[in-house]
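Below is one structure, written out as structure tokens; the observations come after it.
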Amino acid sequence: MATSTAPMDAILNLCKRRGFVFASSDIYGGLNGFFDYGPLGVELKNNIKQAWWQDFVHRADDIVGLDSSIIHHPATWKASGHVDNFTDPLVDCRESKMRYRADQLHFAPVRVAGDLLGYVSVLEDEGMQAKAEEAAHEMKRKLARQGTLEPVVLRDFTQATAEEIPLVPSPATGKPGSLTPPRSFNMMFQTHVGALQDASSVAYLRPETAQGIFINFKNVVDTGRVRLPFGIAQVGKAFRNEINPRNFIFRSREFEQMEIEYFISPSADWQASHRAWIERCLAWFESIGIPRAKLSLHEHPREKLSHYSKGTTDIMFEFPFGVQELQGIAARGDFDLTQHSAASGQRLDWFDEASKERYIPHVIEPSVGVDRVFLALLATAYHEDEVEGEKRTVLRLPARVAPYKAAVFPLLKNKPELVERARALHARLRRRFNVFYDEAGAIGRRYRRQDEIGTPFGVTVDFDTLEKGAGVTVRDRDTLEQARMSEDDLVRFLDERVNG
RNA sequence: GCGGGCGUAGCUCAAUUGGUAGAGUACCACCUUGCCAAGGUGGAUGUUGACGGUUCGAAUCCGUUCGCCCGCUCCA
């Protein structure tokens, strides 16, 4: 099967036309970074979440579930580092309209014999010290100053004083006066709990589901009959006030995560566990219909790791707009439990019966965005092909995640006995599966309508069903081939394909 | 946040120098139809993204704003 990725506009178009995804608050002109899932979208999305939960919780011995509240005690986010670190200090150049991260913009005063000549600025990279020194010498030469240049000491722009800011040149123009003071931009959505809106009532919508797991670690250990190593899984909404949401549902301000915190002994080989989780996640993507050929791994370089991470590997997917992160698999060490233990004064550790030791477990965190999986599935499944000279749009979604598992049709609408039998079959099937019924228009048209929304099987009640007791025809969305089978066999047939 | 492009029916698009907003397709009903977007008849559909201005008159001109796409920037 081809592994080409569908163009973004075709996917967008289908999503809107067929009711998968709408712009949020559409009637008011939309709200940037938010999306609503329509009748078909909610089915696909629920199926993704259900498949994930089944595979990682129900069908695993070592993982239990959790559903924590979206708003946690604000101390949670102080301890996790989000209040201080989940923030970008931004600096704008009024002249060039360029924007910089203040902590990546470095500057230094240029002094000769105690006299301030001016300032130099450089963007963060390996050679920035050399560049800054060169610029300082250049300034000294241009001003024709005699004397010894004092050492060039770089600081980042977050440390610039109010007096210094107007003197630091913009890296874009080389002239001072155009840089704004750094403005701190925390990406957590703030709200207030209770009637009073003062500093003591500030709370945050969670920017990740992970912390809800860590702050429940003790509860789960005390009640869940779990034994190390074990995982806690959670599916839920997270919120980030992204500066610039892009690429449809890929980066939105409200999104859904499926996360596991997998706790291991500090003496265990975390790198082996990390690798095992990467394999487990890759296998899961393949099982729901995302081909390995479109997936790749990206290991974060050591110097770019987040404050909590010992190692992070992303599973990347070939999206229509480029290869981008689908899932992050981070080794967080004992950072989070240690932080919450210190901040709360609670013991968040594990007593190992075998060694009679008490320790804070380390953790491997596979974290995947539901909306990104949704988009990856659509990009993989979307195809345009030709059937007998006619163009056909088809979503080749695996039966397990497809919104409808089958559609039931009477061959003709004006033959009451066909309609009655088809309706009865539909009623029987829908007790187990989400199944669509359609009698409007020619049979070919009805097949095509289902092709476009990814329904894997078209079940038709015809005259042989009634007269010869020959069963129904089951038409395959991808091969277009028809098989005839009894209604009992059809139930088994669907069960195998949907539930594996 | 900056620059560029774009917003007309569910979708794809028309609409002359400013002069009654239309077509195809999809949709709904009925008829027809013995398996891959057939045909017939009838029907519904728009504050032309929103707000304001100019004008006798605005989809069209001007301003503001919102949203989408592309490129920067950003994305612990």
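Here is how names work: the chains are called A, B, and so on, in the same order as the sequence lines, proteins then strands, and each is numbered from 1.
Remark: P of B/rA76 and CD of A/Glu208 are 12 Å apart, rounded to the nearest angstrom. Whole-Å rounding puts the A/Glu439 CD to B/rC30 C1' distance at 13 Å. In this structure, A/Leu411 atom CG and B/rU32 atom P are separated by 15 Å, rounded to whole Å. Note: CG (A/Asn32) to P (B/rA50) measures 19 Å, nearest angstrom. Atoms CG (A/Asn241) and P (B/rC74) sit 17 Å apart, rounded to a whole Å. Distance A/His300 NE2 to B/rA76 P: 9 Å, rounded to the nearest Å. Atom-to-atom, CD of A/Glu452 to P of B/rC11 comes out at 13 Å; the value is rounded to the nearest Å. If you measure from atom NZ of A/Lys16 to atom C1' of B/rG7, you get 10 Å, rounded to the nearest angstrom.
A/Phe319 has its ring centre less than 6.0 Å from the ring centre of A/Phe250. Two rings, from A/Phe255 and A/Phe35, have their centers 6.0 Å or more apart.
Figure legend: cation-pi geometry between A/Arg372 and A/Phe374 absent, as NZ or CZ is not positioned both under 6.0 Å from the six-membered ring centre and within 45° of its axis.
Summarising the base pairing, B/rG22 is matched to B/rC13 through a Watson-Crick or G-U wobble pair whose two defining distances lie under 3.5 Å. Nucleotide B/rG71 forms a Watson-Crick or G-U wobble pair with B/rC2, both donor-acceptor distances falling under 3.5 Å. With a 3.5 Å ceiling on both atom-pair distances, the Watson-Crick or G-U wobble partner of B/rA50 is B/rU64. The partner of B/rC27 is B/rG43, judged by Watson-Crick or G-U wobble contacts that both fall below 3.5 Å. Across all strands shown, B/rA38 forms no Watson-Crick or G-U wobble pair with both key distances under 3.5 Å.
RNA chain B is contacted by both A/Arg18 and A/Arg475; A/Arg18 maps to the nucleotide lying nearer its 5′ end (nearest heavy atom per residue). With the nearest nucleotide of RNA chain B identified for both A/Arg332 and A/Leu12, A/Leu12 has the one nearer the 5' end.
When the P atom is used for both B/rG24 and B/rG19, the distance is 23 Å, rounded to whole Å. Remark: the separation of the C1' atoms in B/rA9 and B/rA23 is 11 Å, to the nearest Å. Of the C1' atoms belonging to B/rA58 and B/rU48, the separation is 11 Å, rounded to the nearest Å. Nucleotides B/rG57 and B/rU20 place their P atoms 15 Å apart, quoted to the nearest Å. Nucleotides B/rC11 and B/rC72 are separated by 32 Å at their C1' atoms, to the nearest Å. B/rG46 and B/rC13 have their C1' atoms separated by 15 Å, with the value rounded to a whole Å. B/rU12 and B/rA44 are spaced 24 Å apart, taking the P atom of each and rounding to whole Å. Nucleotides B/rA26 and B/rC66 are separated by 28 Å at their C1' atoms, to the nearest Å.
Distances from the side chain of A/Gln482 to the nucleotides B/rC35, B/rA76, B/rU33 place B/rC35 closest. Distance from the side chain of A/Arg445 is smallest to B/rA26 among B/rA26, B/rC30, B/rC70. Set against B/rU33, B/rC35, B/rG34, the side chain of A/Asp464 has B/rG34 as its closest nucleotide. With distances taken from any side-chain atom of A/Tyr447 to the nucleotides B/rU33, B/rG34, B/rC36, the minimum falls on B/rC36. In the set B/rG34, B/rA38, B/rC35, the nucleotide with an atom closest to the side chain of A/Leu412 is B/rG34.
Side-chain atoms of A/Asp462 come within donor-acceptor range of the base of B/rC35, with a qualifying N/O pair under 3.5 Å.
With 3.5 Å as the limit, one finds no donor-acceptor pair spanning the side chains of A/Thr76 and A/Tyr204. Side-chain contact, A/Gln327 with A/Asp314: no donor N or O sits under 3.5 Å from an acceptor N or O. For the residue pair A/Tyr119 and A/Glu164, a side-chain donor N or O sits within less than 3.5 Å of a side-chain acceptor on the partner.
The residue A/Arg446 sits apart from the nucleic acid: no heavy atom pair falls under 4.0 Å.
Contact check, A/Arg17 against B/rU12: no side-chain N or O comes under 4.0 Å of OP1 or OP2. Taking side-chain N and O atoms only, A/Lys415 has no distance below 4.0 Å to OP1 or OP2 of B/rG34. A close approach under 4.0 Å does occur between a side-chain nitrogen or oxygen of A/Arg449 and OP1 or OP2 of B/rC27. An OP1 or OP2 oxygen of B/rU12 is reached within less than 4.0 angstrom by a side-chain nitrogen or oxygen of A/Asn13. Put simply, A/Asn414 has no side-chain N or O that comes within less than 4.0 Å of OP1 or OP2 on B/rC31.
A salt bridge (Lys or Arg N to Asp or Glu O under 4.0 Å) with A/Asp451 holds for exactly one of A/Arg18, A/Arg445, A/Arg475, A/Arg477; it is A/Arg475.
With a 4.5 Å cut-off on side-chain heavy atoms, A/Val373 and A/Phe285 count as touching.
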